2 protein chains.
Amino acid sequence: MAISIRDVAERAGVSVGTVSNVLNRPDRVSEAVVSRVHDAIRELGYVRNDAARQLRAGRSSSVGLVVLDARNPFFTDIARGAEDEAAEHGVAVLLGDSDEKPEREGAYLDLFEEQRVRGVLVSPLGDIRERLERLRAHGTPVVLVDRIAEDATLSSVSVDDVAGGRTAVAHLLAGGRRRVAFVSGPQTIRQVADRLVGAREAVAATPGASIEVLEGAALSVLEGRRLGEELVARPAAERPDAVFAANDLLAVGLLQALVMRGEVRVPDDVAIVGFDDIDFASATVVPLSSIRQPSRLIGQTALRILLEEAEDPELAPRQVVFQPELVVRESSGPLG
Amino acid sequence: MAISIRDVAERAGVSVGTVSNVLNRPDRVSEAVVSRVHDAIRELGYVRNDAARQLRAGRSSSVGLVVLDARNPFFTDIARGAEDEAAEHGVAVLLGDSDEKPEREGAYLDLFEEQRVRGVLVSPLGDIRERLERLRAHGTPVVLVDRIAEDATLSSVSVDDVAGGRTAVAHLLAGGRRRVAFVSGPQTIRQVADRLVGAREAVAATPGASIEVLEGAALSVLEGRRLGEELVARPAAERPDAVFAANDLLAVGLLQALVMRGEVRVPDDVAIVGFDDIDFASATVVPLSSIRQPSRLIGQTALRILLEEAEDPELAPRQVVFQPELVVRESSGPLG
DNA sequence: TCTCGTCTTTGAAACGATTCATGGTCTCTC
DNA sequence: GAGAGACCATGAATCGTTTCAAAGACGAGA
């Protein structure tokens with residue numbers, strides 16, 4: 001059924017090795033033969049078998065990327081950046097969505113390892129440092145994305161989440177707010193925890209300011225809406241006057257819940273700042289202030305580092321940390 | 001460097017074939033040996049080489065999925081549905097984003113073919129029927145997603161775009177609007193063209209109604225904003241009183257452009273209906289009316305059909321067409 | 001004791017590509 | 001006319017797994 005290089009060789013009247021040469025180093029083959037082989041390929045509809053190729057080569061020409069949530073535009077932007085960079089190097093990106101579930105994260109890492117990928121980009125979920133270091137020890141480079149490698153045994157490309165959290169809350173406080181709520185995803189996600197650390201720092205620096213934490217089960221629009229409804233259900237006096245959301249999806253859900261009821265005005269009653277500055281942030285009911293991350297650049301940079309490490313395994317791990325940037329829109333306007 | 005099944009066999013004091021049996025049909029191997037082999041695997045940190053496996057098997061255990069735009073939540077939902085279904089069958093999904101570019105679409109198809117995937121799910125861009133039929137003839141099943149296979153030589157899972165377009169515009173007309181604009185993506189994308197056909201039908205059925213077409217270069221938020229700015233720049237009298245956008249991303253961009261200027265009120269001056277009903281639709285400046293598609297179900301169904309065809313290549317192609325559903329929100333409220 | 005059947009294990013062949021040492025031609029130079 | 005060098009093509013070995021015919025071990029029944 002399947003056409004192999006052998007059939008092509010026979011048809012073109014040359015040896016298998018020659019066909020392979022035509023495909024991979026055409027300069028070593030005479031022109032006449034090159035075109036004869038190409039004809040045969042076309043006539044037979046031959047398609048290279050990548051499995052055989054990889055087997056011989058000992059590794060694939062793909063890299064793996066595991067993200068926390070493929071539906072979050074922030075991660076699709078990272079993926080886009082990685083793909084762009086990968087395309088330039090003739091490498092494909094296999095995308096895995098861990099959906100914030102450790103077992104899915106593990107399954108994708110297993111899969112990538114079996115595929116002998118060139119390397120793995122991970123936006124890690126739980127504590128899988130050990131797993132990743134083992135991977136690296138076995139010769140598969142690993143680069144963390146959107147999270148720093150604390151102990152510097154791995155490379156990472158991330159954003160200063162603590163600074164981001166600090167900036168966000170400092171901005172809210174500067175607008176005159178004092179009772180801040182941090183609408184959070186699972187604290188086990190490091191990025192979330194770091195943003196809270198920054199938020200607390202800003203609060204600590206401002207006399208009279210306080211912060212409470214509302215921990216959601218996921219970083220999603222739905223979860224944001226749920227937490228928003230909790231807030232609306234409170235007596236007005238017990239509501240915060242400012243909310244810092246751990247990411248824009250939560251913030252969007254929050255906005256929906258607050259504004260739809262009509263009971264809470266944004267930003268008059270509650271100011272909101274999100275995180276990520278996804279494309280939709282400027283299109284929401286009340287345009288959303290947010291902390292912008294250079295998502296595409298993160299993906300690009302991570303992939304570049306990954307390929308460099310694949311090239312030279314002796315390279316020392318590097319930590320790249322970008323600084324996030326506050327984008328002010330209506331949702332965090334000054335106290336009315 | 002790499003540990004192979006051979007090393008495991010040696011360590012466990014058995015033959016290679018036995019190790020393979022332990023991995024694939026443990027019931028044929030005595031318990032004592034099974035555990036001895038598992039110990040060896042653990043001690044050596046053995047990981048199966050998928051390339052060798054595939055080579056022997058003649059095909060991979062993945063399927064390919066090519067979408068028009070991985071940043072569009074509609075397609076990530078389709079992907080999610082496909083992944084869910086795939087996971088149940090122990091199959092992985094390789095995601096390719098054609099980014100509305102025919103050459104990228106082709107590149108992904110080439111890649112998938114070289115990988116000998118079990119099958120391919122495509123949301124096709126240009127006219128690649130021939131290419132896809134060749135693929136299928138070579139033994140790789142193909143299922144079209146989000147687009148019907150006109151000549152029924154391939155299976156497809158889609159939504160009735162004509163009906164969707166008709167419903168959307170009929171709804172706008174029923175609200176008293178008469179001068180409709182279709183804010184479109186490239187007409188070469190079949191879904192876009194079909195939605196316009198439906199829109200025209202609705203207009204034709206209503207005396208006094210007219211429709212104009214604004215063709216954008218892509219189905220993106222950015223492009224929607226650009227077209228929106230074009231509309232705002234017109235003298236008020238020349239603006240349409242209703243807009244049907246080819247998808248929600250365009251609609252969101254449009255909304256941004258119209259509302260931000262403050263010159264055009266939605267829905268008072270212009271009513272808007274989008275298409276896809278993405279999660280964000282209900283969170284926009286003015287909550288967006290839209291035509292809902294069962295995106296996740298589309299992905300699931302497509303993958304199921306694909307696997308069935310992979311199982312039995314003789315199966316006749318099937319066309320599954322879902323009916324879309326109008327979701328009315330504020331953006332298409334009645335004429336003020 | 002011999003035969004037959006069951007249960008395990010073995011080892012070699014096969015999948016399809018790439019690589020590389022080998023050998024054959026041809027041309028050029030002295 | 002011989003030797004050297006450049007240029008091409010060859011084909012066997014190899015990658016790591018799975019499969020399958022065959023062999024070995026063992027027990028039961030005659």
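Note on naming: letters A, B, ... go to the chains in the order of the sequence lines (proteins, then strands), and numbering restarts at 1 for each one. Atom set for the values below is all heavy atoms of this structure, side chains included, hydrogens, waters and symmetry mates excluded. Keep in mind it's a predicted model, so treat the numbers as computed, not measured.
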Checking all strands, does [X] fall into the base, sugar-phosphate, or nothing category for heavy-atom contacts under 4.0 angstrom?
X       : answer
A:Val19 : nothing
B:Gly17 : base
A:Ser20 : base

Would you please confirm or rule out a distance under 4.0 Å between OP1 or OP2 of [N] and any side-chain N or O of [X]?
X       : N      : answer
A:Ser30 : D:dC7  : no
A:Thr18 : D:dA9  : no
B:Arg25 : D:dT18 : no

Can you tell me how far [atom2] of [N] sits from [atom1] of [X], to the nearest Å?
X        : N      : atom1 : atom2 : answer
A:Glu114 : D:dG16 : CD    : P     : 15 Å
B:Asn24  : D:dC20 : CG    : P     : 12 Å
A:Ile5   : C:dT19 : CD1   : P     : 11 Å
B:Asp27  : C:dT9  : CG    : P     : 12 Å
A:Asp50  : C:dG16 : CG    : C1'   : 11 Å
A:Tyr46  : C:dG16 : OH    : C1'   : 8 Å
B:Leu23  : D:dT18 : CG    : P     : 6 Å
A:Gln115 : D:dG16 : CD    : P     : 16 Å

**Request:** Could you pick out which residue, B:Ala52 or B:Val14, lies toward the 5' side of DNA chain C when each is mapped onto its nearest nucleotide?
**Result:**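 It is B:Val14, whose closest nucleotide lies nearer the 5' terminus.
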**Asked** From B:Ile78 CD1 over to B:Leu95 CG, what is the distance, rounded to the nearest 0.5 angstrom?
**Response**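 Going from CD1 on B:Ile78 over to CG on B:Leu95, the span is 11.0 Å.
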**Request:** Any chance you could lay out the side chain to side chain contact (heavy atoms under 4.5 Å, CB included) test for B:Glu83 and A:Asp99, step after step, and finish with the verdict?
**Result:** CA-CA 11 Å; B:Glu83 274 181 7; A:Asp99 200 19; over 6 Å; no
**Item:** Expected output: side-chain B:Arg25 to main-chain B:Val22 donor-acceptor under 3.5 Å
**Value:**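 Side chain of B:Arg25 to backbone of B:Val22: no pair is present.
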**Prompt:** Is the base of D:dT17 touched by the side chain of B:Arg53 through a donor-acceptor pair closer than 3.5 angstrom?
**Reply:**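 No.
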**Request:** Tell whether A:Arg56 reaches the base of C:dT18 with its side chain through a donor-acceptor pair below 3.5 angstrom.
**Result:**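 It does, because a donor-acceptor pair links the side chain of A:Arg56 to the base of C:dT18 below 3.5 Å.
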**Item:** Proximal nucleotide (of D:dG16, C:dT18, C:dT9) relative to the B:Val33 side chain
**Value:**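 Among D:dG16, C:dT18, C:dT9, the one nearest the side chain of B:Val33 is C:dT9.
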**Item:** B:Ser62 side chain to B:Gln115 side chain, donor-acceptor N/O pair below 3.5 angstrom
**Value:**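 Looking only at side-chain atoms, B:Gln115 and B:Ser62 do not form any donor-acceptor pair under 3.5 Å.
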**Request:** Could you verify whether a donor N or O on one side chain and an acceptor N or O on the other, from B:Asp84 and B:Gln300, lie under 3.5 Å apart?
**Result:**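 The answer is no; no qualifying pair exists.
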